[in-house]
Undergrad: 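Once you've had a glance at the structure underneath, I'll fire off some questions.
Residue numbering restarts at 1 for every chain, and letters A, B, ... go by the order of the sequence lines. Reckoned from all heavy atoms, side chains included, excluding hydrogens, waters and symmetry mates. Source: prediction; values computed, not measured.
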Protein chains: 4
Amino acid sequence: MKDAINREQIEALLRSSAYHRFLDVQVDELSEESITISLPGNALFVTGDAEYIHGGIIATLIDIAGYFAVHRKVNLPTPTVDLQINYLRPAAPGILRAKASVVKLGRSVSLADILVTDHAGKEVAVGRGLFSSKQ
Amino acid sequence: MKDAINREQIEALLRSSAYHRFLDVQVDELSEESITISLPGNALFVTGDAEYIHGGIIATLIDIAGYFAVHRKVNLPTPTVDLQINYLRPAAPGILRAKASVVKLGRSVSLADILVTDHAGKEVAVGRGLFSSKQ
Amino acid sequence: MKDAINREQIEALLRSSAYHRFLDVQVDELSEESITISLPGNALFVTGDAEYIHGGIIATLIDIAGYFAVHRKVNLPTPTVDLQINYLRPAAPGILRAKASVVKLGRSVSLADILVTDHAGKEVAVGRGLFSSKQ
Amino acid sequence: MKDAINREQIEALLRSSAYHRFLDVQVDELSEESITISLPGNALFVTGDAEYIHGGIIATLIDIAGYFAVHRKVNLPTPTVDLQINYLRPAAPGILRAKASVVKLGRSVSLADILVTDHAGKEVAVGRGLFSSKQ
């Protein structure tokens with residue numbers, strides 16, 4: 001199967017959102033099976049004591065990566081229906097990467113799994129998201 | 001039961017995080033049963049077409065409100081274990097409010113429910129979060 | 001709003017499933033806002049030491065109650081898309097009741113909240129389910 | 001790492017519950033990384049029209065498999081804290097298998113992923129469960 005949209009189109013869409021540009025999220029890797037979105041370290045995103053990255057930033061990255069895993073397959077807006085996030089350990093400040101793949105592509109909703117790793121490659125969270133995929 | 005910490009202490013903690021100050025989250029209402037955290041509208045938080053607020057911002061607000069609903073009762077760090085977020089409708093740009101209450105206060109983990117409304121009072125998302133509450 | 005289907009129709013549907021008849025689930029209460037399904041105590045449903053009811057039985061009751069909360073509003077099959085279950089405390093053997101209400105009725109999927117109480121009225125679990133509601 | 005308990009001990013525990021014996025769940029496969037629990041087809045477990053297996057049965061199998069994935073590692077009761085279940089497609093009547101592995105073994109709670117397949121090997125549901133693992 002050919003992807004519905006290519007890397008350049010994904011990057012353009014990713015950067016079309018003001019919040020995405022602020023976060024500075026990028027397409028890190030792209031394969032038939034998965035998409036990895038990276039989010040650079042930013043002193044704004046840490047907790048008060050600067051020891052780790054805020055969980056809301058991780059949730060946001062999970063949402064974005066899952067969205068694009070589904071979106072690239074259907075090439076239509078795929079608004080998030082629900083998100084399940086399990087935090088595994090505190091995320092050390094620095095770049096985060098979220099690798100997302102589609103578990104089930106459905107005619108009405110689609111499911112994606114997302115794994116977030118920190119700059120050292122440690123798994124910091126797993127996410128599972130349901131996205132609207134009505135065509 | 002008296003709350004473990006009072007409003008001034010909650011506000012100081014809330015503002016002790018760089019990310020919280022950036023988001024400009026505030027304690028909006030506080031009762032024995034619930035805490036409401038508000039997040040002002042910000043042009044940065046909208047999607048590309050500026051029609052609604054990014055789901056990651058809503059997830060972040062759910063995380064923060066649930067955290068403080070539990071934290072104020074135990075007065076110890078209560079890191080998020082997991083989050084479940086269901087989006088109900090697109091959130092119109094403007095202030096968001098998240099009202100959080102504790103469903104179950106446990107010796108090991110505690111559960112909180114969170115409801116997010118937009119500036120017009122429309123329900124835009126519900127969240128349920130599990131937070132560590134080891135004492 | 002008039003319900004799409006009435007109590008007799010709900011009861012007939014509920015009993016049309018072999019598994020439901022085996023469980024002996026019943027419509028306990030019905031209002032415009034919610035439906036309560038009861039499940040009688042059964043020595044088969046307890047754990048080895050007979051101290052509490054198996055979590056799978058509670059998950060099943062959550063699924064059934066959420067299904068009918070949505071189904072009665074749309075009067076079409078509403079297969080479960082996903083379930084989130086949080087166990088609050090062990091369920092003492094005896095009758096269980098699950099009260100379910102619709103959080104959001106959507107054109108594609110609908111969300112229901114479910115609260116399970118044991119024979120003494122203690123809250124033993126909360127559930128949140130997404131059900132297909134395409135019309 | 002040697003498992004905390006061996007296959008014979010797992011099987012004895014699995015069969016020590018009245019509900020497990022009724023379901024006739026069995027240890028199907030066991031490796032260092034995962035445990036697979038099978039549940040034989042049973043005419044009681046289908047929906048009214050006998051076309052597919054009840055979602056509550058699938059939720060129950062997910063709970064059991066996740067429980068034992070964690071339990072075998074810690075050798076202490078590991079009650080279910082929460083379950084997330086996503087149904088992928090209707091489950092054809094017949095044997096079901098749930099393969100469970102531990103995502104994170106924690107001092108307070110542990111996370112397991114579970115995949116359920118039907119008799120033909122088709123994926124019918126995915127689950128993620130959090131289990132208490134206080135030692």
Undergrad: Determine which residues belonging to residues 114-126 of chain D lie within contact range of chain C, meaning some heavy atom pair is under 4.5 Å apart, and list them by number or answer 'none'.
TA: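 When heavy atoms of chain C are the reference, residues 114-126 of chain D contributes no residue within the under-4.5 Å range.
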
Undergrad: Restricting to pairs with a member in residues 80-97 of chain C, which pass side chain to side chain donor-acceptor pair (under 3.5 Å), not counting sequence neighbours?
TA: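 Every pair satisfying side chain to side chain donor-acceptor pair (under 3.5 Å) with a residue in residues 80-97 of chain C: C/D28-C/R97, C/D63-C/T80.
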
Undergrad: I need the full list of side chain to side chain donor-acceptor pair (under 3.5 Å) pairs touching residues 102-115 of chain C, with sequence neighbours left out, sorted by first then second residue.
TA: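 Applying side chain to side chain donor-acceptor pair (under 3.5 Å) to every pair that reaches into residues 102-115 of chain C, excluding sequence neighbours, yields A/S108-C/S108, C/S110-C/S133, C/D113-C/R128.
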
Undergrad: What are the two closest non-hydrogen atoms of D/A18 and C/A43, and how far apart are they?
TA: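 Scanning both residues, the minimum pair turns out to be CB-O, 3.9 Å.
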
Undergrad: Between C/I64 and chain D, which part of the residue has a heavy atom less than 4.5 Å away: side chain, backbone, both or neither?
TA: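 Contact with chain D is through the side chain of C/I64 alone.
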
Undergrad: Holding to ring-ring contact (aromatic ring centres under 6.0 Å, His included), I want the full list of residues that pass it with C/Y67, two or more places apart in sequence or in another chain.
TA: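 Listed in chain order: C/H71.
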
Undergrad: Please find the pair of heavy atoms, one from C/T60 and one from D/G56, that lie closest to each other, and give the distance.
TA: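 Smallest interatomic distance, heavy atoms only, reads OG1-O, 3.1 Å.
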
Undergrad: Over 60° means perpendicular and under 30° means parallel, so tell me whether D/F45 and C/Y19 are parallel, tilted or perpendicular.
TA: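 Taking C/Y19 first and then D/F45, their aromatic rings stand perpendicular (interplane angle over 60°).
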
Undergrad: May I ask you to name which of C/V81, C/L130, C/L88 has the most heavy-atom pairs under 4.5 Å with chain D?
TA: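 Greatest number of close heavy-atom pairs with chain D: C/V81.
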
